Amino acid sequence: IWHYQSSIDDDRMRNVSSSQIRLIYGHFGYGFDQRLIGDRDDDIVWMNKLNFTYYVMLREPVDFVLANFYDTTAHAQTYQDLMEFVDHTRNRNIQTKYLYTDGDDKEEDELVINGNHYIVARNQLLSVGWIGLFDELRASVEQLKFFWGLSTTEIQNNEDDMT
């Protein structure tokens, strides 16, 4: 199980055997798999829904923007107020950008979402294996537990092993 935090992790994850990777979680865009497995030479053909899939957790857009604004670790000195934060291109349509791009920060910063981007993002959202709602977090987690055939005890044991 890997927690992907930034592109710094790309090289570290490329050096791990594909058979050792069971789950990667974090904030990354659709198409992210190509950044990690695109140049592997382990003779595995990677295909979405064949031997891997994306799971997506969506959040109500206004709550998402407010949570990002009040996350002072990310930009405490960058914006003077909420309006300045919202006006910056980087902070617009973030969830759509995650579904449209592969999570390349440089590409996301400058991207202004248009109608074609929405269509691509929607199609990619429809191709994921599961969609959860942050506003219904408990129910979403219960769905995943059922989907994966996990009991609460198994999840707690796994979390204890990771600490």
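All values derive from a computational prediction rather than experimental measurement.
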Practice item. Kindly compute the distance separating CD (Glu142) from CZ (Phe146), expressed to the nearest 0.5 Å. Key: 11.0 Å
**Study point:** Side-chain heavy-atom pair Met57, Leu137 within 4.5 angstrom cut-off
**Key:** yes
Check your understanding: For Tyr30 and Val128, what are the C-alpha separation, side-chain angles and deciding distance, and is it a side chain to side chain contact (heavy atoms under 4.5 Å, CB included)?
Key -> CA-CA 9 Å; Tyr30 190 94; Val128 304; 4.2 Å; yes
Check your understanding: Has the side chain of Ser140 got a donor or acceptor atom that lies under 3.5 Å from a matching backbone atom of Leu133?
Key -> yes
Point to revise | Spacing of Leu125 atom CG and Ile131 atom CD1 [to the nearest 0.5 Å] | key: 4.0 Å
Exercise for review: Measure the CG-NE2 distance between Leu111 and His117 for me, rounded to the nearest 0.5 Å.
Suggested key: 4.5 Å
Exercise for review: Ignoring hydrogens and angles, tell me if any N or O in the side chain of Lys97 forms a donor-acceptor pair with the backbone of Arg92 under 3.5 Å.
Suggested key: yes
Check your understanding: Mind checking whether Tyr118 and Thr96 have side chains closer than 4.5 Å, heavy atoms only?
Key -> yes
**Study point:** Between CD on residue Gln143 and CZ on residue Arg138, distance to nearest 0.5 Å
**Key:** 13.5 Å
Exercise for review: Answer whether the closest heavy-atom distance between the side chains of Trp148 and Leu144 falls below 4.5 Å.
Suggested key: yes
Practice item. Could you verify whether a donor N or O on one side chain and an acceptor N or O on the other, from Ser127 and Tyr54, lie under 3.5 Å apart? Key: no
Point to revise | Asp87 and Tyr79 side chains, donor-acceptor separation under 3.5 Å | key: no
Check your understanding: So, for Val65 and Val86, which heavy atoms are closest and what is the spacing to 0.1 Å?
Key -> CG1-CG2, 3.9 Å
Exercise for review: Could you tell me which residues satisfy side chain to side chain contact (heavy atoms under 4.5 Å, CB included) with Leu66, sequence neighbours excluded, listed by chain and number?
Suggested key: Val62, Tyr70, Leu82
Practice item. State yes or no: do Ile119 and Ile94 share one hydrophobic cluster built from I, L, V, M, F, W and Y residues joined by side-chain heavy-atom distances below 4.5 Å, directly or via other members? Key: no
Check your understanding: In Å and rounded to the nearest 0.5 Å, what is the OH to CD1 distance from Tyr100 to Ile113?
Key -> 7.5 Å
**Study point:** Donor-acceptor under 3.5 Å (Gln124 side chain, Leu99 main chain)
**Key:** yes
Point to revise | side chain to side chain contact (heavy atoms under 4.5 Å, CB included) partners of Asp63, counting only residues at least two apart | key: Arg59, Glu60, Asp135
Review point. Within the side chain of Asp81, is there an N or O that forms a donor-acceptor pair under 3.5 Å with the backbone of Glu84?
Key: yes
